Amino acid sequence: MTSVRQITQKKRDAWWTVLLVDPVATPLVRWTAVWTRFTPNQITWMALFLGLGAAACFAMGSWTWLLAGALLYHLSFVLDCMDGKLARLTGTGSVFGAWLDYVFDRIRVLACAVALMGGQYARTGEVVYIWLALAVVFLDMLRYIDALQIFKVRHEMRKQIKARAERAAAADNAIELAFMEDLLRDNPEADTELDDAQRRGARTGEVPRVAADATTPEAPDVAAGVPAQRAARSRADRSVVDLHREFRSRFPWYLRARSFLLRHRVRTHLVSGIEFQMAVFIVAPLFNAIIPVTIAAGALLLVFELAIIYKLQLSTRDFARTIADFDAQERQRLSREEQEGDDLSPEQASAAARAQEEAGSR
C-alpha cells in the first residue's frame, strides 16, 4: 500500500480529497488493479452514471431524497478520483481519458445544479433557487476559465524568459536556468530556503544558494542565461527565476501556512472547485440548508479565486523586473563589446566582425 500511495496520490491535493476520499479510493484502486479488468475510462463512465443518479435524487426535492443524492454524489466523486489513480498505477492513462474526465465533470455539475435547485423550486416555489442554479453553473465555469487563462499567462511568461535566456546563451553568457515553481515540486521549502539565503547574503555578502534534494531528477524546464538569484541544486548551480517574490514579501505568513498544509498533502487553495461542489451537493443536502451553504461556499470560492488573480498580478510585476534584468545585462554586454572593439586594431576588429557574421549565419 505504501508503494500504491506514492504512485497514485498527489503531493498536493484538495483537503476534501486528502481527508475523505484518498483513504477509501487508494485501497479500492489497488483492489481494482489486481482483481478486475476495469479501465480508467470505464470508471469515468461509472462516475458519470452515479452523478446523474445523484441528480435524479436531487430533483425529487424531499430531504430523504437529498440524503440519497448526497451519498451518490460522494460515491461518484470517489470514482472520479479513482480513474486517474488507476491510470497512474497501471500506466494506462490517455489524452482522450483526460478529456473524457474533464467533460463528464462539467456534465455532472450542470445536471446536479439544475436538478438540486429545480427540485427545491418545485417544492417551495421560491425563485431564489433558480438564481442559485445559475450561480453554481456560473462559478463552476468561472473557475475553469480563470484557471485556463492563468495557465496561458504563466506559460507565456516562461516562454519569453526562456527566449531571453537562449539569446544570452548565444552571446556566450550561459547560466543554467530553473523556475522556482519547478523546484517547489521536488523541494517544497525551496523558496523559503532561498529567502533565508538572500537575507544571509545581504548581511555577509555571500552568494544566495538554496539546497535541493540531490536524489531528485533534473527539472524539465532548464535553459540558459538569466540574471536572477543563484540556487544550488543537484550537482550544479542554477539561476532561479522566481515569479512569486513580491507575493511572499507582502504575505510572509503564507510560507508558514503552506508548509504546515503541505506536511499533510493539503494545497493552500483551501476552497477550490472541489470544496465548492462538495459543499453544494453534499453538505447542503445533508443539513437541508441549500440556500445558506451555497451562498457561503460561493463567496469563499470567489475570495480564493480573487486571491489567485491578485497573486498572478504580482507575478507579472516580478516577470517585468526579470525582463528588465535581462535588458540591463544585454546593455552591459554590448557596452563591454564596444569598449573591447575600440581597443582592437583595424585588422582584429575586421576579423571579429567576420567571426560574428559566420556565427550568425550558422
Side-chain angles (χ1 to χ4, degrees), residues 145-187 190-199 201-202 205-210 212 218-234 236-252 254-255 258 305-341 356 359-360 362:
I145 293 176
D146 185 34
L148 178 61
Q149 293 303 314
I150 287 177
F151 172 81
K152 288 182 178 180
V153 171
R154 293 194 184 282
H155 176 75
E156 181 61 28
M157 289 192 296
R158 290 168 67 106
K159 182 179 177 181
Q160 292 189 34
I161 290 173
K162 288 180 182 180
R164 295 298 184 97
E166 291 171 358
R167 284 164 51 184
D172 295 329
N173 188 22
I175 300 173
E176 200 174 12
L177 170 68
F179 288 88
M180 177 58 74
E181 57 200 58
D182 295 326
L183 300 182
L184 286 171
R185 294 190 184 98
D186 296 325
N187 177 15
D191 51 2
T192 305
E193 293 170 2
L194 185 57
D195 288 343
D196 293 341
Q198 287 175 333
R199 284 191 289 269
E206 297 178 358
V207 177
R209 298 178 184 274
V210 54
E218 295 293 318
D221 293 308
V222 177
V226 55
Q229 59 268 49
R230 293 291 188 98
R233 174 171 163 81
S234 186
D237 284 348
R238 291 182 179 182
S239 187
V240 178
V241 176
D242 185 0
L243 299 181
H244 300 294
R245 294 174 61 189
E246 184 170 348
F247 178 82
R248 295 202 311 277
S249 67
R250 294 193 178 203
F251 305 98
Y254 169 78
L255 293 181
R258 189 197 64 188
E305 290 299 317
L306 290 174
I308 290 176
I309 295 172
Y310 178 65
K311 188 176 180 181
L312 175 67
Q313 181 187 18
L314 297 183
S315 293
T316 59
R317 296 180 183 178
D318 287 323
F319 167 74
R321 282 189 286 267
T322 301
I323 294 297
D325 287 343
F326 272 112
D327 293 339
Q329 188 187 59
E330 182 69 11
R331 287 193 296 269
Q332 292 175 1
R333 183 185 67 81
L334 294 175
S335 178
R336 287 195 303 268
E337 289 180 353
E338 290 178 358
Q339 293 176 357
E340 292 171 356
Q356 289 181 353
R362 288 196 297 270

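What you see is a predicted model, and the numbers here were worked out from it, not measured in a lab.
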Between Phe319 and Val241, does a side chain to side chain contact (heavy atoms under 4.5 Å, CB included) hold up when you go through it step by step? CA-CA 9 Å; Phe319 167 74; Val241 176; over 6 Å; no
What's the separation between atom [atom1] in [X] and atom [atom2] in [Y], rounded to the nearest 0.5 Å?
X: Arg245; Y: Thr322; atom1: CZ; atom2: OG1; value: 7.5 Å
X: Arg258; Y: Phe251; atom1: CZ; atom2: CZ; value: 15.0 Å
X: Ile145; Y: Glu305; atom1: CD1; atom2: CD; value: 11.5 Å
X: Asp146; Y: Leu306; atom1: CG; atom2: CG; value: 8.5 Å

Does this structure show an ion pair linking Glu246 with Arg250, if we count only N-O contacts that are shorter than 4.0 Å?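 Salt bridge: yes.
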Tell me, do Asp327 and Arg331 make a side-chain contact under 4.5 Å, heavy atoms counted?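 When only atoms from C-beta onward are counted, Arg331 and Asp327 do touch, with a gap below 4.5 Å.
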Identify the two heavy atoms, one from [X] and one from [Y], that lie closest to each other, and give their separation to 0.1 Å.
X: Ser315; Y: Arg154; value: OG-NH1, 3.5 Å
X: Leu314; Y: Phe247; value: CD1-CA, 3.7 Å
X: Arg321; Y: Asp318; value: NH2-OD1, 2.7 Å

Glu156 and its side chain to side chain donor-acceptor pair (under 3.5 Å) partner, picked from Lys152, Arg158, Gln160: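 When Lys152, Arg158, Gln160 are each tested with Glu156, the side chain to side chain donor-acceptor pair (under 3.5 Å) holds only for Gln160.
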Show your reasoning for whether side chain to side chain contact (heavy atoms under 4.5 Å, CB included) applies to Leu312 and Ile308. CA-CA 6 Å; Leu312 175 67; Ile308 290 176; 5.7 Å; no
Could you go step by step and tell me if Asp242 and Arg248 meet the side chain to side chain contact (heavy atoms under 4.5 Å, CB included) rule? CA-CA 10 Å; Asp242 185 0; Arg248 295 202 311 277; 2.8 Å; yes
